[in-house]
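As the structure is a computational prediction, the values presented were derived from the model and not from experiment. Naming convention: chains lettered A, B, ... in sequence-line order (proteins, then strands); numbering from 1 in each chain. Just so it is clear, the values below take in all heavy atoms, side chains as well, and ignore hydrogens, waters and symmetry mates.
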Protein chains: 2
Amino acid sequence: MSKRTVALLKEHGINPSSQRVRIYDYLVATEDHPTVDDIYAELQREGHLFSRATVYNTVNLFLKKGLIRAVRVEAKEMRFDASPGFHAHFKCESCGSVLDIPMDEPIPDDPDGLEYHGTSVIFSGLCRDCQKRKHSG
Amino acid sequence: MSKRTVALLKEHGINPSSQRVRIYDYLVATEDHPTVDDIYAELQREGHLFSRATVYNTVNLFLKKGLIRAVRVEAKEMRFDASPGFHAHFKCESCGSVLDIPMDEPIPDDPDGLEYHGTSVIFSGLCRDCQKRKHSG
DNA sequence: TTATGACTTTATAATCATTATAAAGTCATA
DNA sequence: TATGACTTTATAATGATTATAAAGTCATAA
Ligand SMILES: [Mn+2]
Ligand SMILES: [Mn+2]
Ligand SMILES: [Zn+2]
Ligand SMILES: [Zn+2]
């Protein structure tokens with residue numbers, strides 16, 4: 001029950017219920033870019049009795065309030081990210097893990113007068129462990 | 001029934017059935033990054049009687065053979081792209097259209113020894129028409 | 001205290017794009 | 001014309017997400 005999280009949620013106009021605080025704390029603690037089911041499974045493991053619907057409601061609220069971002073590395077698989085600042089992502093095609101890739105936000109030289117709101121950069125390939133596994137296996 | 005398409009499909013190890021040729025021709029002719037349903041609707045409009053399953057089978061075959069690429073600008077919405085060479089995409093949040101954005105492929109300075117296979121860059125915002133509509137409406 | 005009402009959580013059903021399965025059709029070749 | 005490989009098709013299954021509505025929580029006012 002982090003005081004800092006309670007304050008942060010309030011700053012974003014979010015009533016800090018215990019479920020919301022716990023979910024946000026988990027999101028900032030992990031670097032795994034978890035799915036809703038990952039979050040739900042972790043909360044259960046810790047003995048909390050949240051429903052999956054609450055996890056969906058909560059991450060959607062966080063998204064709407066701009067507290068977290070969605071990362072779509074697969075169709076049918078929405079992941080969530082509480083890290084601040086722009087960065088790219090790398091999805092390992094073999095083990096499925098999603099890593100942060102520090103990078104400046106690319107800016108197109110745009111002749112078309114488009115209005116840019118957001119940028120998503122996703123690389124795919126093989127992580128180091130999976131490269132090793134490929135050689136040895 | 002483009003001769004060029006027949007040859008191209010053969011080069012990629014794809015038996016050029018009339019359905020496959022027609023679907024590929026449509027993909028190269030449009031710049032809309034159509035979904036399976038867009039493709040299906042267009043074929044119907046032209047009087048062809050393909051099933052949706054054939055469209056799914058065909059685009060999945062094209063993907064596997066490296067003939068086209070998938071563009072995922074939304075979860076739950078797989079779009080297809082036959083344009084060659086790397087380019088980014090822009091998704092208008094208002095009208096939903098997906099535009100090509102010419103751009104060099106970003107390359108991270110990577111300390112981690114990852115093996116990169118592919119890159120996806122997606123911008124979002126408002127296209128020009130929707131900016132105008134916003135002002136006038 | 002009790003009532004009120006706004007908000008939150010929950011169980012459950014609905015949606016819907018995609019995949020899986022298996023039957024039917026096509027076509028070259030023996 | 002029989003065989004078998006491939007292709008298309010109809011249909012069912014999958015599964016992540018959203019929608020809906022009931023139940024629970026909690027502060028505040030009468
Ligand atoms: Mn991240
Ligand atoms: Mn494109
Ligand atoms: Zn890996
Ligand atoms: Zn637009």
Side-chain angles (χ1 to χ4, degrees), chain A residues 1 5-6 9-10 12-26 33-44 46-65 67-81 91 96 98, chain B residues 1 5-6 9-10 12-24 26 32-44 46-65 67-81 91 96 98:
Chain A
M1 197 57 161
T5 298
V6 169
L9 296 196
K10 281 181 182 167
H12 283 77
I14 298 166
N15 189 337
S17 70
S18 67
Q19 287 90 332
R20 289 167 176 173
V21 171
R22 186 65 203 86
I23 289 172
Y24 184 77
D25 282 347
Y26 174 59
H33 306 87
T35 63
V36 161
D37 265 25
D38 292 336
I39 299 169
Y40 178 72
E42 171 61 18
L43 295 175
Q44 284 226 317
E46 293 177 10
H48 297 266
L49 293 174
F50 299 7
S51 77
R52 225 177 290 260
T54 296
V55 182
Y56 274 106
N57 290 342
T58 300
V59 295
N60 283 334
L61 180 64
F62 288 175
L63 286 175
K64 197 173 67 184
K65 299 293 187 175
L67 194 60
I68 65 174
R69 277 171 295 183
V71 184
R72 303 177 207 281
V73 291
E74 293 286 330
K76 306 222 184 173
E77 197 179 69
M78 207 173 185
R79 290 166 174 271
F80 301 94
D81 189 342
K91 163 82 177 253
V98 177
Chain B
M1 197 57 162
T5 299
V6 169
L9 296 196
K10 281 180 181 167
H12 284 77
I14 298 166
N15 190 335
S17 70
S18 68
Q19 287 91 333
R20 289 168 178 174
V21 171
R22 186 65 203 87
I23 289 172
Y24 184 77
Y26 174 59
D32 286 348
H33 306 88
T35 63
V36 160
D37 265 24
D38 294 335
I39 299 169
Y40 178 72
E42 171 62 17
L43 296 176
Q44 283 226 319
E46 293 178 11
H48 296 269
L49 294 174
F50 299 7
S51 76
R52 225 178 289 262
T54 296
V55 183
Y56 274 106
N57 290 343
T58 301
V59 295
N60 282 335
L61 179 64
F62 288 175
L63 286 175
K64 197 174 66 182
K65 298 294 188 175
L67 193 59
I68 66 174
R69 277 171 296 182
V71 184
R72 303 178 209 280
V73 291
E74 293 286 330
K76 304 216 184 176
E77 197 180 70
M78 207 173 184
R79 291 165 172 273
F80 301 93
D81 188 342
K91 163 82 179 245
V98 177

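- If you take CD of B:E77 and P of D:dT18, they are 14 Å apart, rounded to a whole angstrom.
- When rounded to the nearest whole Å, the span between CG of A:N15 and C1' of D:dA27 equals 11 Å.
- One can place OH of A:Y40 at 15 Å from P of D:dT17, the figure rounded to the nearest angstrom.
- Nucleic acid contact class of B:N57 (heavy atoms, under 4.0 Å, all strands): base.
- Comment: B:D37 engages B:R52 in a salt bridge, judged by a side-chain N to carboxylate O separation of less than 4.0 angstrom.
- When the side-chain nitrogen and oxygen atoms of B:S17 are compared with OP1 and OP2 of D:dC6, none of them lie within a distance under 4.0 Å.
- A donor-acceptor pair under 3.5 Å is formed between the side chain of A:D38 and the backbone N or O of A:T35.
- The CD atom of B:Q19 sits 15 Å away from the P atom of C:dG25 (whole-angstrom rounding).
- When every heavy atom of A:P34 is checked against every heavy atom of A:Y26, the shortest pair comes out as CG-CE2, 4.1 Å.
- Here D:dT17 presents its P atom at 9 Å from CZ of A:R72, a figure rounded to the nearest Å.
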task: Applying side chain to side chain contact (heavy atoms under 4.5 Å, CB included), run through A:R22 and A:H48 and close with a yes or a no.
output: CA-CA 10 Å; A:R22 186 65 203 86; A:H48 297 266; 3.9 Å; yes
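- Taking atom CD1 of A:I23 as the reference point, atom P of C:dT8 lies 13 Å away to the nearest angstrom.
- The two atoms that bring B:F50 and B:Y40 nearest to each other are O-CE1, 3.2 Å, heavy atoms only.
- Counting only distance, with no hydrogens or angles, the side chain of B:H12 and the backbone of B:L67 share no donor-acceptor pair below 3.5 Å.
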message: Output the pairing pattern of DNA chain C as a dot-bracket string, 5' first, Watson-Crick or G-U wobble with both distances under 3.5 Å, | for cross-strand pairs, [ ] for crossing pairs.
response: ||||||||||||||||||||||||||||||
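- Summarising the geometry, the separation between NZ on A:K64 and C1' on C:dC7 is reported as 12 Å, rounded to the nearest angstrom.
- The backbone N or O of B:V73 lies less than 3.5 Å from no partner atom in the side chain of B:R79, so there is not a single donor-acceptor pair.
- The shortest distance between the side-chain N/O atoms of B:T35 and the OP1/OP2 oxygens of C:dA17 is not below 4.0 Å.
- DNA chain D lies under 4.0 Å from at least one heavy atom of each of the following residues of residues 46-55 of chain B: B:L49, B:F50, B:S51, B:A53, B:T54.
- Computed from coordinates, the B:L61 CG to D:dC6 P distance equals 12 Å when rounded to whole Å.
- Considering only side-chain atoms of B:R20, the nucleotide from C:dT19, D:dT17, D:dT7 that sits closest is D:dT7.
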message: Is there a side chain to side chain contact (heavy atoms under 4.5 Å, CB included) between B:I68 and B:D81? Walk through the geometry before answering.
response: CA-CA 6 Å; B:I68 66 174; B:D81 188 342; over 6 Å; no
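- Looking at every heavy atom in both residues, A:A70 comes nearest to A:M78 through CB-CE, 3.8 Å.
- One finds no side-chain N or O of A:N60 lying less than 4.0 angstrom from the OP1 or OP2 phosphate oxygen of D:dT17.
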